[in-house]
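Lettering follows sequence order; numbering is per chain, from 1. These numbers come from a predicted model, not from an experiment.
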There are 2 protein chains.
Amino acid sequence: MEEKEISQAVISRLPRYFRYLGELKDQGIERISSQELSDIMKVTASQIRQDFNNFGGFGQQGYGYNVEYLFQEIGRILGLNQKHNLIIIGAGNLGQALANYGNFERRGFLFKGVFDKNPQLYGKKIRDAEVQPMEHIEQFVKSNNIDIAVLAIPKTEAERVAEQLVDYGIKGIWNFAHVDLNVPEEVQVENVHLSDSLMKLSYNINRFHNGGGGKPDAPQ
Amino acid sequence: MEEKEISQAVISRLPRYFRYLGELKDQGIERISSQELSDIMKVTASQIRQDFNNFGGFGQQGYGYNVEYLFQEIGRILGLNQKHNLIIIGAGNLGQALANYGNFERRGFLFKGVFDKNPQLYGKKIRDAEVQPMEHIEQFVKSNNIDIAVLAIPKTEAERVAEQLVDYGIKGIWNFAHVDLNVPEEVQVENVHLSDSLMKLSYNINRFHNGGGGKPDAPQ
DNA sequence: AACCTGCTGTCAATTCATTGACATTATTTT
DNA sequence: AAAATAATGTCAATGAATTGACAGCAGGTT
């Protein structure tokens, strides 16, 4: 079979290619070489060719890559040609912000519903949905063909809710709770650990301004 | 004498160690071996020891690591013993959500102000701050010792605002705008590209459900 | 006190990712 | 139509990250 496993390192770079190609397309640029793309994106041309070749050849020797075609292909690889129905669990600040952020729709991620355990929020209108009680999740997932659940709840509840979602047949979890979920391998989890990211920023600021967060000045 | 550079791969893992050690500490656990931690965290014991040793030895042979001490040390490496003053640029859904999320304070990231270009939001109270016009940023950054700016504005404006922030002497930018910022190397940027993350999730869902149903690797 | 056990720190081996080099092939030019 | 040019696809070389192995030391045991 043609499909050999593709490393997550490569996958992580695809959205960035997709973004740049989209911009080139919007600028009306029709063709581009790996070298030109390399200059724009600040990665080596070799890596670009290597990455694309994981999925078969999208380019032509002597010509380069057709921007529109490559954009479409990468979109397809990322599954953006298909619609994904998603629900948001947790109607707090973050849950509401994500629900109201319309840009995901553009890539086929359709916001379908939002759930919270706080009765005071039931019925509150967010985007085109009303906040529903957690007890409705099962029915809703099953009858609305929901692929993805966005977990925007405290970490104390995340594991329990995730297990339920798995039982209901969810395919992927976009996890904003600060905890590592333990789910079967057929359920995909993508973590967004904001505080981890902020700590990394803190380290890098320190490294530069205080000469590295390196060694303890007094070991023990 | 220059410390040897520590790879970002290692740094990226530190917040996770920090989180697990904090939990162990809260459970009253005093000591732990790399092997025990390995079992809990699902990474190899070798990697744990290797990672910690980048910063000097925190453990003792025959004993293991003291949880409290290791927790403190990793916190210090990440710069969490220092306070960081931060402002949020953009009082939209995401900006407000981040401002209202109190958990960052716990690690020394203090929310000091929020700015937006929309006059209708001026004066709106968010947490302990009122939304201010963008023109106030310069003065505010300089007189309040602001380290970090959180960019929660559309990508069309992000580059321009980032340049200004650099001029005002900001040390780090936590960038939620979907664009790669071009800043001098002494300014640290940490990107949170949410849609990239969502696309990665989409790929992985696809890979499993449509892409030949392949697991990462056949069990040996 | 001497011995045994457990576990780190570290070096070597291995695996994985990135970069460099170039033969090959399409396009363009003359 | 043939030659020149351009740029891919791919293989080999290099570099980085992870894992494995073990000497040596601290702490516990008898």
Just by distance, do the side chain of B:Gln188 and the backbone of A:Ser202 share a donor-acceptor pair under 3.5 Å?
no

Would you say the side chain of A:Gln61 and the base of C:dT24 hold a donor-acceptor pair, judged only by whether the two atoms sit under 3.5 Å apart?
yes

How close or far is atom C1' of D:dG24 from atom CG of B:Asn53, stated in whole angstroms?
14 Å

Want to settle it: does B:Tyr63 or A:Gln8 sit nearer the 5' end of DNA chain C, counting the closest nucleotide to each?
B:Tyr63

Hey, does the side chain of A:Arg207 reach the backbone of B:Ile6 with a donor-acceptor pair shorter than 3.5 angstrom?
no

Does any N or O donor sit under 3.5 Å from an N or O acceptor when you compare the side chain of A:Gln50 with the base of C:dT19?
yes

Over 60° means perpendicular and under 30° means parallel, so classify the ring planes of B:Phe71 and B:Phe18, tilted if in between.
parallel

Counting just side-chain N and O atoms, does A:Ser34 come under 4.0 Å of either OP1 or OP2 of D:dT8?
yes

Is any side-chain N or O of A:Arg31 closer than 4.0 Å to OP1 or OP2 of D:dT8?
no

Between D:dA7 (P) and A:Gln60 (CD): distance, integer Å:
13 Å

Once you apply a heavy-atom cut-off of 4.0 Å, does A:Tyr65 come out as touching a base, just sugar-phosphate, or nothing?
sugar-phosphate

Given B:Asn191, B:Asp180, B:Asp196, the one that forms side chain to side chain donor-acceptor pair (under 3.5 Å) with A:Arg16:
B:Asp180

Taking any heavy-atom pair under 4.0 Å as a contact, classify B:Ser46: base, sugar-phosphate, or nothing.
base

